[in-house]
Amino acid sequence: MRDDSMYAKTLVLAIVASSLFGCAELEDTLPPPTGGDFKAHPEGFVDPTSAAFHGNDVRAAGWDMRQCQSCHGSDYYGGVVDASCRSCHENSAGPENCATCHGSTNPAPPRDLAENESSDLPGVGAHQVHLVGGNTVSSTIVPCGQCHVVPASVYLPGHVDTDLPAEVTMSGGLAQADPTPLAGSPAYDYQAFTCANTFCHGNWSLSKASSMFPDGYSGDVMSGANYSPLWTGGSGEIDCATCHGSPPTGHVAATLSECGGCHSGIVDTDGTISNTDLHINGKVNVFDTERPF
């Protein structure tokens with residue numbers, strides 16, 4: 001005769017054991033989902049023209065993308081959802097690349113943080129002219145770090161945790177190429193959108209007493225015009241007379257067509273800069289001789 005109580009106990013133990021070990025086995029081999037209608041994001045999340053575009057969410061979060069890492073992984077290569085952000089964000093660091101939020105082919109606007117692309121707006125302005133160089137006046141490149149404090153990573157203090165506009169420090173580089181400038185330290189006016197006291201726009205002075213070519217002086221000091229260019233002013237801000245006069249103050253009288261006589265290989269007789277590598281490069285160039293200020 002069967003012992004029903006023993007049979008019941010054995011059956012319960014078998015079911016419990018099967019549940020425990022069966023679940024553990026299923027958890028280890030669980031395949032990724034292959035279908036279904038569940039979506040973590042709304043329609044249009046990857047469409048830049050949609051109001052639901054994820055860039056709007058990132059902007060609303062103060063440019064903090066770490067919320068994305070909980071699903072897509074700390075490196076954005078897919079994480080637990082096996083959906084990589086880097087299929088679109090192909091630059092180094094993925095979504096945390098500088099050009100994700102500002103710039104396009106390089107980190108400098110256009111576009112700015114508000115998606116503006118016009119150089120008439122201060123978020124765009126003359127960024128590309130400075131960063132890329134190669135214009136008709138100077139080939140000198142002004143890297144981002146010469147005007148801004150560039151963080152080593154997105155979330156370091158002073159970057160996305162501060163309010164707009166971006167801080168313009170101009171703490172070194174071409175803006176301060178002259179150790180004995182005509183005026184004070186470089187500064188940016190956030191209301192007028194102008195730069196002041198920068199070497200590159202005429203904040204420099206040269207002493208006749210220490211010059212290799214004193215005959216070029218009409219006084220004891222030759223100096224630039226210390227022009228304050230409008231950041232959104234365009235090509236009108238780079239006329240010869242704006243930055244150093246034509247000729248500079250303290251320079252012997254000369255017409256524009258005569259500049260190339262002393263500054264040979266740099267400027268033509270019509271005033272065209274013939275060698276943009278040697279113009280606004282932080283050096284004095286006279287009679288094929290180049291020296292620091």
Side-chain angles (χ1 to χ4, degrees), residues 103 105-106 108-110 112 116-148 168 170 172-178 181-206 222-251 254-286 290 293:
T105 57
N106 59 52
D112 67 8
N116 295 313
E117 296 193 3
S118 173
S119 60
D120 294 336
L121 299 172
V124 178
H127 273 108
Q128 288 298 317
V129 173
H130 286 75
L131 185 64
V132 176
N135 56 70
T136 59
V137 173
S138 179
S139 298
T140 301
I141 292 173
V142 181
C144 304
Q146 289 196 14
C147 295
H148 303 285
V168 181
M170 291 190 287
L174 196 62
Q176 297 191 27
D178 185 359
L182 178 68
S185 299
Y188 179 71
D189 188 322
Y190 294 90
Q191 302 302 316
F193 311 135
T194 56
C195 299
N197 301 333
T198 60
F199 165 84
C200 33
H201 289 279
N203 184 25
W204 53 263
S205 65
L206 295 167
M222 189 185 302
S223 60
N226 195 22
Y227 182 59
S228 294
L230 179 63
W231 177 244
T232 55
S235 59
E237 302 300 300
I238 55 175
D239 182 77
C240 293
T242 57
C243 296
H244 54 59
S246 183
T249 300
H251 190 289
T255 63
L256 189 61
S257 62
E258 295 176 310
C259 294
C262 298
H263 303 284
S264 53
I266 300 174
V267 58
D268 291 338
T269 55
D270 63 355
T272 301
I273 303 300
S274 57
N275 189 339
T276 55
D277 290 338
L278 300 180
H279 190 227
I280 319 178
N281 66 345
K283 306 288 181 63
V284 180
N285 290 276
V286 184
E290 184 175 80
F293 268 78

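Positions are given from 1, in the same order as the sequence printed here.
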*Asks:* Ignoring hydrogens, what is the shortest heavy-atom contact between Ala254 and Pro247? Give both atom names and the distance.
*Replies:*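 Between these two residues, the closest heavy atoms are O-CD, 3.5 Å.
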
*Asks:* Apply the test side chain to side chain donor-acceptor pair (under 3.5 Å) to residues Asp277 and Ser139: give CA-CA distance (whole Å), side-chain angles for both, the deciding distance (0.1 Å), then the verdict.
*Replies:* CA-CA 5 Å; Asp277 290 338; Ser139 298; 3.2 Å; yes

*Asks:* Between CG of Leu182 and CG of Asn226, what distance do you get to the nearest 0.5 Å?
*Replies:*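 Between Leu182 CG and Asn226 CG, I get 5.5 Å after rounding to 0.5 Å.
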
*Asks:* Test your reading of the model: is there a side-chain donor-acceptor pair from Asp268 to the backbone of Asp270, 3.5 Å cut-off?
*Replies:*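 Side chain of Asp268 to backbone of Asp270: no pair is present.
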
*Asks:* Restricting to non-hydrogen atoms, name the atom on Ser223 and the atom on Pro248 that form the minimum distance, rounded to 0.1 Å.
*Replies:*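 Result for this residue pair: O-CB, 3.6 Å.
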
*Asks:* Looking at Gly282 and Ala177, what are the two nearest heavy atoms and their distance?
*Replies:*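 That closest heavy-atom pairing would be CA-CB, 4.0 Å.
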
*Asks:* Evaluate side-chain contact (heavy atoms from CB on, under 4.5 Å) for Val124 paired with Glu117, printing each intermediate quantity in order.
*Replies:* CA-CA 6 Å; Val124 178; Glu117 296 193 3; 5.5 Å; no

*Asks:* Nearest 0.5 Å, what's the CG-SG distance between Asn285 and Cys262?
*Replies:*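 Those atoms lie 12.5 Å apart.
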
*Asks:* Would you say the side chain of Val142 lies within less than 4.5 Å of the side chain of Cys147, judging by non-hydrogen atoms?
*Replies:*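 In contact.
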
*Asks:* Would you say the side-chain atoms of Ser274 pair up with the backbone N or O of Ile266, donor to acceptor, closer than 3.5 Å?
*Replies:*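 It does hold such a pair.
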
*Asks:* Please check this pair: side chain of Gln128 against backbone of Ala108, looking for a donor-acceptor N/O pair closer than 3.5 Å.
*Replies:*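 Yes, Gln128 side chain to Ala108 backbone: donor-acceptor pair under 3.5 Å.
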
*Asks:* Return the minimal non-hydrogen interatomic distance between Glu290 and Leu278, and the atom names on each side.
*Replies:*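 So the minimum-distance heavy-atom pair works out to OE2-CD2, 3.5 Å.
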
*Asks:* Would you find a donor on one side and an acceptor on the other, under 3.5 Å apart, between the side chain of Thr140 and the backbone of Ile280?
*Replies:*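 Pair found, side chain donor or acceptor close to backbone of Ile280.
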
*Asks:* Is there a donor-acceptor pair closer than 3.5 Å between any side-chain N or O of Asn203 and the backbone N or O of Ala183?
*Replies:*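 The answer is yes, because a donor-acceptor pair under 3.5 Å joins these two groups.
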
*Asks:* Can you tell me how the ring of His148 sits relative to the ring of His127, calling it parallel under 30°, perpendicular over 60° and tilted otherwise?
*Replies:*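 The rings of His148 and His127 lie parallel, inter-plane angle below 30°.
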
*Asks:* Check whether any side-chain N or O of Tyr190 sits under 3.5 Å from a backbone N or O of Val168 as a donor-acceptor pair, and report yes or no.
*Replies:*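 Yes: the side chain of Tyr190 pairs with the backbone of Val168.
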
*Asks:* Hey, is the main chain of Pro186 close enough, under 3.5 Å, to the side chain of Gln176 for a donor-acceptor pair?
*Replies:*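 Such a contact is absent between Gln176 side chain and Pro186 backbone.
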
*Asks:* Using the ring of each side chain (for Trp, its six-membered ring), is Trp231 parallel, tilted or perpendicular to His130, with breaks at 30° and 60°?
*Replies:*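 Aromatic pair Trp231/His130 classed tilted.
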
*Asks:* Between the side chain of Asp178 and the main-chain N/O of Ser205, is any donor-acceptor distance below 3.5 Å?
*Replies:*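 Side chain of Asp178 to backbone of Ser205: a pair is present.
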
*Asks:* In Å, rounded to the nearest 0.5 Å, how long is the span from CG of Asp120 to CZ of Phe193?
*Replies:*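 Asp120 atom CG to Phe193 atom CZ measures 11.5 Å (nearest 0.5 Å).
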
*Asks:* Determine the interplanar angle of the His263 and His251 rings, folded into 0 to 90°, and report it as parallel if under 30°, tilted if 30 to 60°, perpendicular if over 60°.
*Replies:*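 It falls in the tilted class, 30° to 60°.
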
*Asks:* Drop me the distance from Cys200's SG to Ile238's CD1, to the nearest 0.5 angstrom.
*Replies:*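 Taking SG in Cys200 and CD1 in Ile238, the distance rounds to 12.5 Å.
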
*Asks:* Nearest 0.5 Å, what's the SG-CD distance between Cys195 and Glu237?
*Replies:*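 These two atoms lie 10.0 Å from each other.
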
*Asks:* Is His201 reaching over with its side chain to a backbone N or O of Tyr227, donor-acceptor style, under 3.5 angstrom?
*Replies:*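 It does not hold such a pair.
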
*Asks:* Give me the atom names and distance for the closest heavy-atom approach of Thr276 to Asn135.
*Replies:*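 So the minimum-distance heavy-atom pair works out to CG2-O, 3.6 Å.
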
*Asks:* Mind checking the CD1-OG spacing from Ile273 to Ser138? Nearest 0.5 Å is all I need.
*Replies:*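 These two atoms lie 9.0 Å from each other.
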
*Asks:* Do you know which two heavy atoms are closest between Cys240 and Gly271, and how far apart they sit?
*Replies:*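 So the two residues come closest at SG-O, 4.4 Å.
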
